[in-house]
Amino acid sequence: MRLIDHHCHGVVTEPLERAGFESLLTESDRAAPPGCSMFDSQLGFAVRRWCAPVLGLDPHVEPEVYLARRRELGADEVNRRLLRAAGVDVFLVDSGFRPGELLDGPEMAAASGAEVREIVRLEGVAEALPEVTAAGFAGAFAAALDRAVAGAAGVKSIVAYRYGLDFDPLPPGRREVARAAGRWLRRGRPRLDDPVLLRHLIWAGVERGLPLQFHVGFGDPDLDLARCDPLLLTGFLRATRDRHVSVMLLHCYPFHRQAGYLAHAFPHVYVDVGLAVNHVGARAPAVVAESLELAPFHKVLYSSDAFGLAELHHLGALAFRQAFAAVTGAWVREGRWSASDATRVGELVGSGNAVRVYRL
Amino acid sequence: MRLIDHHCHGVVTEPLERAGFESLLTESDRAAPPGCSMFDSQLGFAVRRWCAPVLGLDPHVEPEVYLARRRELGADEVNRRLLRAAGVDVFLVDSGFRPGELLDGPEMAAASGAEVREIVRLEGVAEALPEVTAAGFAGAFAAALDRAVAGAAGVKSIVAYRYGLDFDPLPPGRREVARAAGRWLRRGRPRLDDPVLLRHLIWAGVERGLPLQFHVGFGDPDLDLARCDPLLLTGFLRATRDRHVSVMLLHCYPFHRQAGYLAHAFPHVYVDVGLAVNHVGARAPAVVAESLELAPFHKVLYSSDAFGLAELHHLGALAFRQAFAAVTGAWVREGRWSASDATRVGELVGSGNAVRVYRL
Amino acid sequence: MRLIDHHCHGVVTEPLERAGFESLLTESDRAAPPGCSMFDSQLGFAVRRWCAPVLGLDPHVEPEVYLARRRELGADEVNRRLLRAAGVDVFLVDSGFRPGELLDGPEMAAASGAEVREIVRLEGVAEALPEVTAAGFAGAFAAALDRAVAGAAGVKSIVAYRYGLDFDPLPPGRREVARAAGRWLRRGRPRLDDPVLLRHLIWAGVERGLPLQFHVGFGDPDLDLARCDPLLLTGFLRATRDRHVSVMLLHCYPFHRQAGYLAHAFPHVYVDVGLAVNHVGARAPAVVAESLELAPFHKVLYSSDAFGLAELHHLGALAFRQAFAAVTGAWVREGRWSASDATRVGELVGSGNAVRVYRL
C-alpha cells in the first residue's frame, strides 16, 4: 500500500537519554509519575514490538535494551533505518514547530529517501515577520506568506492551540486586523494568540487556494480539548465551501466520527486519524474502522503526525497499513466488500486522495 | 426477524440519472469533488453489494451497470422489488419533506405490500396553515394538528434543523406565541425557524399524547451537528417525563451512546440508529452494538430513515437484521446471552417496542 | 488477576421484592414502562447469566426464579456469596450516599472477607456539620474533614450531581465562602448545591493531599450528562497539576476516551470505566478496550461503582477480568503485545496503580 504521509514533522538528531526519549513518546509535557514510565503505553509497547526489529533487536525488548541499541547505532543510522522502513513515498512536513531541533525538509528527504514537501504553518510566518507596523501587518504578512508558500504543498493553522476552533467564522475587517496587530506589537510580539489575527491568518490561507490543514482533536496539554471538536468549525466550513479551498482536518481523535460527518456533508472537507493511529497502538484498527464510517473514501487520508522520533514515522505507516488491511480484509472475507474495491480504497486513502488534493 | 420501520420517507418515481442517484446516496447537498463519486462510500458499496442481486445483477457490479439495470427495469419495478425485499411489516412514513417528489403513504403501501402509517411533521402542519392572524395562529395550528393526527401513528419535530436541540425546554406563553407568529407573518411566512413557534409546536405535539419523534444527530448540512446532541434535550425530557408522551430519538449518530443514556435514565425516551445503519455500511454491526449498551431493550427500535431510494429501505432492514444477528449471535456463542433471550430481544427491537409505543 | 475496587458503595440487607431489585438494576429513578422490566438490559442479562450460578442456579434463569432463590437464601447469605465471589482484595467504599440503608465499611469487610477502606464524600461532611455560622463554616468544615479523613483512603466530590463539572476552576476566596455559607444557612441547609461552597469543598480536598475522586459521566437522572464531560475539568486540572494531589476520574462513560486523554496529558489524572463495565454487560470488552487507548497503563484503575446489590460487586469484577483478558489476550495472540506485558499491565490496572496512588 503506497503511502503519502500528508502531515508530519522532522526528527531529532541528538542522542536521546531515557527521559528525552520518553518525553517524545507522549503528548504530555510532564514526566510519568515516580516509578512509572511512558513506555507503559500503547505507543511504548508498539515501539518495543515493531521498531526493535528494525534496529536488529528481538520484538518486545525492554526499554533500556532498546535505548542502548539506539545509542549504539547513533541517531543518524536509527533515523535512516526507521524512516526508510516506513516505506512512505512523500512526507508533507510542517517544519514550524521547534524547527531548530529537528531535521528540516531536505535533511528529511536525505534520511528517508522519500520526497519531502513543505506545509507552511501560518502562525509561524506571522511570528517570523521582521519589524512591522500595525497598519503594515496585513501587507507584510501577505508578502511573507506568498514567499513561504512558493513550492509548498499546503498551509496549516494551529488556532486549536492558540485560541480554539470556536473562532468567529468570518474574516476580520482590515481595520480590525490593524488594531489587533497594534495590540500584539505593543505586547512585544508574544506567541500569536489574538483571535482576530488568527482569523486573519486563516483567511489569508484560504485565499492562497492551497489545502488548509487544521489541528483538530487531542494534542499536548497546551490546548483545551473541548475547544478542539471539529464541529466548532461548522460555520467556517459553511463560509468556505465555495472558496476553492480544501480543508484538511488532522488527527481528530476522539472526535473522528464528528470529523467524518463533516467530510461527508461538506464538499471540501477531508479527514485523517493521524497522531491517534500511533498513540492508540493495538487499538489502531478500531480507530481506523471508525474513520471509515461516514466519510466518503475520496475524503480520507493518511498521516502520522510523527514528531521528533523516527519511530513515529515508521509506526504510523505500519499501524495504518496493518489496520486498513485488517479492517477491510474482514469486510472482504465477510462478503461485504469486493477485494478489488478494498484495493482501490487503499490506493485512495493511502496516496491517491493526497495526490489529487495536494496536486503532488 | 419481523421489522417495523418506525421512521422513513417515501421513494422517488422519476428515472434517475447518475447525478440524481448519487445525490440521494449522501446527506451532502453538493456533488462529490471532480473525478470522485458518492458510490465510493460505505453506502455506495452496500448498494452494489446487496441491492444489485435484487435487481438480478451480480454483487459488486460497477455503478454504471447498476444504474443501467435500474433504468431498464423502471422505477416502479425497482421500487417494488426493493421495498418488498426489505421484508418490513409496517412503515411509519414522514411525508412532510419534499412531498411532491415522493410516493405518498397509500402509494408506498401499494408498492411495498406493507402497512403504512403516517408520522405528522409538526413544522409542515404550521407552514401549510391557510391565511391566519398572529392572534389566531395557536388556535388554527391546534385545529390543523388535530385534523392531521387523526389516523397518524405519531408526530415529529425537526427543531434540530430549524434551530437546534438547545431550545428552551418549557412551553412558551400564549402572548409570546402570538408575538412570534406576528413576526413570522410579517416576514412573509418563510421556513418556520422561530424558536418560540418551534417550541409551541413541540408542546402541542406533547399534548396530543402520540409518540413524539425528534431528529437527533447527523443529517444534511442544513443542520449544525453540535446542536443536535441529544443531551441538549435533557431539560425538555425532565419537563415531559410525567406528561404521558413517548419521546423517540431518531438516528442519534454519532451521539447514540448519549441517546442510550437518556433512554436508560428517562422512562419515556426511546432510541434508534436509523440513517446511520445505512450510511456506515459494513460498520453497522459496530454501531448497532453501541446502541445496545445502556438503553434497556424495551427502549430500542428499528428505523431506516430511508429517503428517496428504495435501496435505503431495503439496505436499512438488511443491515439491521445482519448487524443484530451478528452482534447478539456472538454473545450467544460466547455464553453471555441465552439464544432465547437473543430471539426475544430481536422481537422487541425489531417490532415489539414499536407495536407497544405506537399502539399498532 | 488481583483486584482492588477503588470506588464502590455498600449493599442492602433488607429482603428485596422485584420492584426494589429492579430499581437497583438501573440508574433511572423510575420503573420500567408498563409491561417492561429492567431485567431486559445488559445488566439484567448479566445478573441472570453470572450471578445465578453463585446462588446455585442455572445460568439464564428467569428473573422470578432468581429473585425467589435470593429470598430463600436471605440477603446475608446472598451478599456473602456474591461479595466473596468477586474475589476483590480491597474495597474503597464511599459510604456517603443513602448511608442508613447499606452495610457500612466494617460490615462490608465482614461480609466480603476483604479489606475495606473509606472514601470520604466531601458534600456529606459539609451537610453533616453541626450548627454553624456563615463565618464559621470554613473552619468547622476543615475540622470535620480532618476528622473524617483520618484513616480514609481518599476523598470524593459529587459536584457533577450538584452543579456540573463546569465549575470555576479556582478556589473561592474566604469572604466569598462565608457569604455563600450564609445563603445556604438562610435557605435552611438544603442539599448542598451552591457552586461556591462546592468549589470550597473540592479545594479543601485538594489541600488534604489524598486522592480526589470525581463522579464523571453517566449516573442517575439527577445529573445533566452534558455537564459531566471530563473535559470541563481541564482548567481545574491545570490549576492542580502541581498541587501533589491525584485526581481520579470515575466511570466517565460515554466520555471515557476524553478521560483517557486527560490521563495522558496531565501527570496527576487517573481513569476508570466503573459503573459502565456493569451496565454495558456483554459490551464490557469494547468499553474496556476504549479505556486502554490514550491513557498510560499506570493511569488506569478498576472500580465497580457497585451500589446496593452485591451482584454489582461481583459482576463488575467478573466483567473487568473477562474484558481485560479478552482484549489483551487478543493483542498477545496477534503478536502485538508480549504475554508478560499483558500480565504486568493487568497487575497495574487491577491493583498496582491503586496500591501506589492510595498508598494501600
Side-chain angles (χ1 to χ4, degrees), chain B residues 165-166 229-235 237-238 241-242 244 246 254-270 286 288-300 327-328 330-342 344-345 348-349 352-353 355-357, chain C residues 22 25-46 48-50 52 58-63 217-229 253-257 275-287 290 318-319 322-323 326:
Chain B
L165 298 181
D166 51 337
D229 183 331
L231 296 182
L232 298 170
L233 288 172
T234 304
L237 297 176
R238 284 217 179 84
R241 69 181 144 186
D242 294 315
H244 305 291
S246 296
F255 308 118
H256 43 293
R257 281 173 155 174
Q258 283 84 332
Y261 163 71
L262 295 171
H264 178 114
F266 290 98
H268 62 320
V269 175
Y270 294 79
V288 166
E290 289 168 345
S291 77
L292 296 173
E293 290 175 354
L294 283 197
F297 306 134
H298 49 265
K299 293 296 201 71
V300 181
V327 167
T328 61
W331 296 337
V332 171
R333 279 194 306 281
E334 294 162 12
R336 298 176 178 279
W337 283 27
S338 72
S340 60
D341 278 333
R344 194 166 55 81
V345 173
L348 287 175
V349 304
N353 293 332
V355 167
R356 190 182 78 245
V357 177
Chain C
E22 287 205 20
L25 273 183
T26 175
E27 289 292 311
S28 182
D29 56 357
R30 305 294 175 95
C36 301
S37 163
M38 290 302 183
F39 271 100
D40 280 340
S41 63
Q42 291 280 10
L43 177 55
F45 281 22
R48 291 167 45 220
R49 168 61 185 92
W50 304 107
D58 287 338
H60 309 301
V61 291
E62 289 304 305
F218 92 104
D220 70 57
D222 199 24
L223 57 72
D224 179 347
L225 185 55
R227 295 177 66 186
C228 297
D229 183 332
Y253 181 100
F255 308 116
H256 43 294
R257 281 175 156 171
L275 187 57
V277 89
N278 262 329
H279 280 283
V280 306
R283 287 283 297 165
V287 171
E290 288 167 345
L318 184 80
Q322 285 185 347

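Interface remark: C/Asp220 contributes backbone atoms only to the contact with chain B (heavy atom separation under 4.5 Å). For C/Ala31, the part lying under 4.5 angstrom from a heavy atom of chain B is the backbone only. Residue C/Asn278 does not touch chain B at all, counting heavy-atom pairs closer than 4.5 Å. Neither the backbone nor the side chain of B/Val357 comes within less than 4.5 Å of any heavy atom of chain C. Residue C/Leu275 does not touch chain B at all, counting heavy-atom pairs closer than 4.5 Å. Contacts between C/His60 and chain B at a heavy-atom distance below 4.5 Å involve the side chain alone, from C-beta outward. Of the atoms belonging to B/Arg356, it is side-chain heavy atoms, and not backbone ones, that fall under 4.5 Å from chain C.
Side-chain polar atoms of C/Asp40 and C/Ser37 form no donor-acceptor pair below 3.5 angstrom. For B/Glu293 and C/Tyr253, the side-chain atoms include at least one donor-acceptor pair closer than 3.5 Å.
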Legend entry - Candidate pair C/Leu225 and B/Thr234, rule side chain to side chain contact (heavy atoms under 4.5 Å, CB included), full reasoning: CA-CA 8 Å; C/Leu225 185 55; B/Thr234 304; 5.7 Å; no
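Contacts with chain B were tallied for C/Ala226, C/Pro254, C/Ala282; C/Ala282 has the most, counting heavy-atom pairs under 4.5 Å. Your options are B/Gln258, B/Arg241, B/His268, B/Glu334, and the one with the most heavy-atom pairs under 4.5 Å with chain C is B/Arg241. For the options C/Gln322, C/Met38, C/Glu290, C/Arg227, heavy-atom pairs under 4.5 Å to chain B are most numerous at C/Glu290. With chain C as partner, the option from B/Ala295, B/Pro296, B/Gly335 having the largest number of non-hydrogen pairs under 4.5 angstrom is B/Gly335. Considering only heavy-atom pairs separated by less than 4.5 Å from chain B, the leading option among C/Pro34, C/Gly219, C/Ala284, C/Ala46 is C/Gly219. When each of B/Leu348, B/Leu292, B/Leu231, B/Leu262 is scored by its heavy-atom pairs under 4.5 Å with chain C, the top score falls to B/Leu231.
Between C/Phe218 and C/Phe255, the gap from one ring centroid to the other reaches at least 6.0 Å.
The closest side-chain heavy-atom distance from B/Thr328 to B/Val345 is not below 4.5 Å. Looking at heavy atoms from C-beta onward, C/Pro59 lies out of side-chain contact with C/Arg48 at the 4.5 angstrom threshold.
Between B/Trp331 and B/Trp337, the ring-plane angle classifies as tilted under the 30° and 60° cut-offs.
Using a 4.0 Å cut-off between a side-chain N of Lys or Arg and a carboxylate O of Asp or Glu, B/Arg238 and C/Asp224 do not qualify as a salt bridge.
A side-chain donor-acceptor contact under 3.5 Å links B/Lys299 to the backbone of B/Val269.
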